Q: 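So that we are looking at the same thing, I have put the structure below in structure tokens.
Every value quoted in this text rests on a predicted model; they were computed, and no experiment measured them. FYI, side chains are in, hydrogens and waters are out, and symmetry mates aren't considered; it's all heavy atoms of this structure.
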Amino acid sequence: MSREYPRRPIIGVGGVVFIDGRVVLIRRRYPPLQGQWSLPGGAVDVGETLRDGVRRELREEIGIETHVGPLIELLDHIVREPDGRVRYHFVLADYLCHQVGGRLRPGSDAESVAVADPDNLSSYALTDKTLEVIRRAADLR
């Protein structure tokens, strides 16, 4: 199924990872959000659990192995055209994750990776929802 103009919502996962008190962000390589900073993650594969999906996505996008902790947020990401057609529709599950191995590096869908001070994220132009998810994750860690 195409991610653009899908027939039904696509299930996605994201991981909030803190390394030495700093949060891991990626600059997206592909649409939607191409060129923008966000949390690492992606679509869940058929037959894959949400937790297995976030582990795989973090391995592919940022090169690390993780322990998946609690669910932080379940949310909708819907982008509409001016005429009302739905261009993108994702249902996203964001989890607090802890690095247990690997080496941080940009991978498949990440143009670049940053480790940022969670109290000073203004230069990354993150969405309000992403900032909220990071704040909630920081309270849980």
Side-chain angles (χ1 to χ4, degrees), residues 1-82 84-141:
M1 177 171 59
S2 172
R3 290 177 184 218
E4 201 168 18
Y5 305 104
R7 292 187 321 266
R8 66 179 67 95
I10 296 169
I11 306 299
V13 288
V16 183
V17 182
F18 292 93
I19 298 175
D20 297 328
R22 298 168 69 84
V23 66
V24 176
L25 301 173
I26 65 162
R27 187 185 308 261
R28 295 253 164 226
R29 186 182 308 263
Y30 304 109
L33 303 177
Q34 181 176 14
Q36 296 179 31
W37 290 98
S38 68
L39 295 168
V44 175
D45 290 339
V46 172
E48 185 175 55
T49 68
L50 294 171
R51 289 174 180 276
D52 287 344
V54 75
R55 264 190 295 276
R56 176 188 50 75
E57 283 290 341
L58 293 178
R59 184 180 327 108
E60 291 174 2
E61 280 197 350
I62 61 173
I64 66 171
E65 297 296 327
T66 55
H67 166 76
V68 180
L71 177 68
I72 300 164
E73 181 80 35
L74 185 62
L75 58 118
D76 297 294
H77 179 77
I78 302 170
V79 177
R80 293 183 186 275
E81 295 288 5
R85 290 180 304 144
V86 174
R87 184 169 183 182
Y88 298 104
H89 186 171
F90 296 94
V91 176
L92 303 171
D94 288 327
Y95 288 88
L96 177 61
C97 298
H98 305 279
Q99 182 180 8
V100 296
R103 184 179 60 81
L104 191 63
R105 54 148 184 82
S108 61
D109 294 341
E111 186 176 291
S112 55
V113 175
V115 184
D117 178 351
D119 296 322
N120 188 14
L121 296 170
S122 58
S123 64
Y124 294 94
L126 299 168
T127 66
D128 289 341
K129 192 56 162 175
T130 301
L131 291 169
E132 179 185 328
V133 167
I134 291 169
R135 280 192 295 273
R136 290 184 62 202
D139 290 342
L140 290 174
R141 61 185 165 121

Q: Can you measure from OG1 (Thr49) to CG (Asp52) and round to the nearest 0.5 angstrom?
A: 3.0 Å
Q: Can you name the one residue among Thr127, Leu121, Leu25 that meets side-chain contact (heavy atoms from CB on, under 4.5 Å) with Trp37?
A: Leu25
Q: Hey, are the side chains of Ser38 and Ile26 touching, using non-hydrogen atoms and a 4.5 Å cut-off?
A: yes
Q: Could you grab the distance from atom CD1 of Ile134 to atom CG of Asp139, nearest 0.5 Å is fine?
A: 12.5 Å
Q: Once you round to the nearest 0.5 Å, how far does NE2 of His89 lie from CZ of Arg80?
A: 8.5 Å
Q: Assess whether side chain to side chain contact (heavy atoms under 4.5 Å, CB included) is satisfied between Val115 and Val23, documenting all intermediate values.
A: CA-CA 5 Å; Val115 184; Val23 66; over 6 Å; no
Q: Look only at the side chain of Arg29 and the backbone of Ala110, and say whether a donor-acceptor pair between them is shorter than 3.5 Å.
A: yes
Q: Check the pair Ile19, Leu104 against side chain to side chain contact (heavy atoms under 4.5 Å, CB included), reporting the backbone distance first and the verdict last.
A: CA-CA 10 Å; Ile19 298 175; Leu104 191 63; 4.1 Å; yes
Q: Going by the rule side chain to side chain contact (heavy atoms under 4.5 Å, CB included), which residues pair with Glu73 if we only count those two or more places apart in sequence or in a different chain?
A: Leu75, Lys129, Glu132, Val133, Arg136
Q: In chain order, what residues pass the salt bridge (charged side-chain N to carboxylate O under 4.0 Å, His left out) check against Glu60, with sequence neighbours excluded?
A: Arg56
Q: With no hydrogens and no angle check, is any side-chain donor or acceptor of Glu57 less than 3.5 Å from a backbone partner on Val54?
A: no
Q: Please report the interatomic distance NE2(His98) to CD1(Ile64), rounded to the nearest 0.5 Å.
A: 11.0 Å
Q: Looking at every heavy atom in both Cys97 and Gly15, which two are closest together, and how far apart are they?
A: SG-CA, 4.0 Å
Q: Locate the shortest heavy-atom distance separating His77 from Val79; write the atom from each residue and the value.
A: NE2-CG2, 3.6 Å
Q: Any side-chain donor-acceptor pair under 3.5 Å between Tyr124 and Gln36?
A: no
Q: Determine the minimum heavy-atom distance between Pro118 and Arg22, stating which atoms define it.
A: CD-CA, 4.0 Å
Q: Distance only, no hydrogens: is a donor on one side chain within 3.5 Å (strictly under) of an acceptor on the other, for Arg55 and Thr66?
A: no
Q: Counting only N and O atoms by type, is there a donor-acceptor contact under 3.5 Å from the side chain of Arg59 to the main-chain atoms of Gly63?
A: no
Q: What's the verdict on side chain to side chain contact (heavy atoms under 4.5 Å, CB included) for Arg141 and Leu96, showing C-alpha distance, side-chain angles and the deciding distance?
A: CA-CA 8 Å; Arg141 61 185 165 121; Leu96 177 61; 4.2 Å; yes
Q: Quick check: closest heavy atoms across Arg28 and Leu39, and the distance to 0.1 Å?
A: NH2-O, 2.7 Å
Q: If you count every heavy atom of other residues, nucleotides or ligands that lies below 6.0 Å from Asp128 atom CG, does the total exceed 12?
A: no
Q: With a 3.5 Å distance limit and no angle check, can you tell me whether Arg87 reaches the backbone of Pro6 through a side-chain donor-acceptor pair?
A: no
Q: Which heavy atom in Asp94 sits nearest to a heavy atom in Leu71, and how many Å separate them?
A: O-CD1, 3.4 Å
Q: Would you find a donor on one side and an acceptor on the other, under 3.5 Å apart, between the side chain of Asp76 and the backbone of Ile78?
A: no
Q: Which heavy atom of Ile10 sits nearest to which heavy atom of Arg3, and what is that distance?
A: CD1-CA, 3.4 Å
Q: Contact between Phe18 and Gln99 at the side-chain level, heavy atoms closer than 4.5 Å - yes or no?
A: no
Q: Say you draw a straight line from CG of Asp109 to CD of Gln34; how long is it, rounded to the nearest 0.5 Å?
A: 11.0 Å
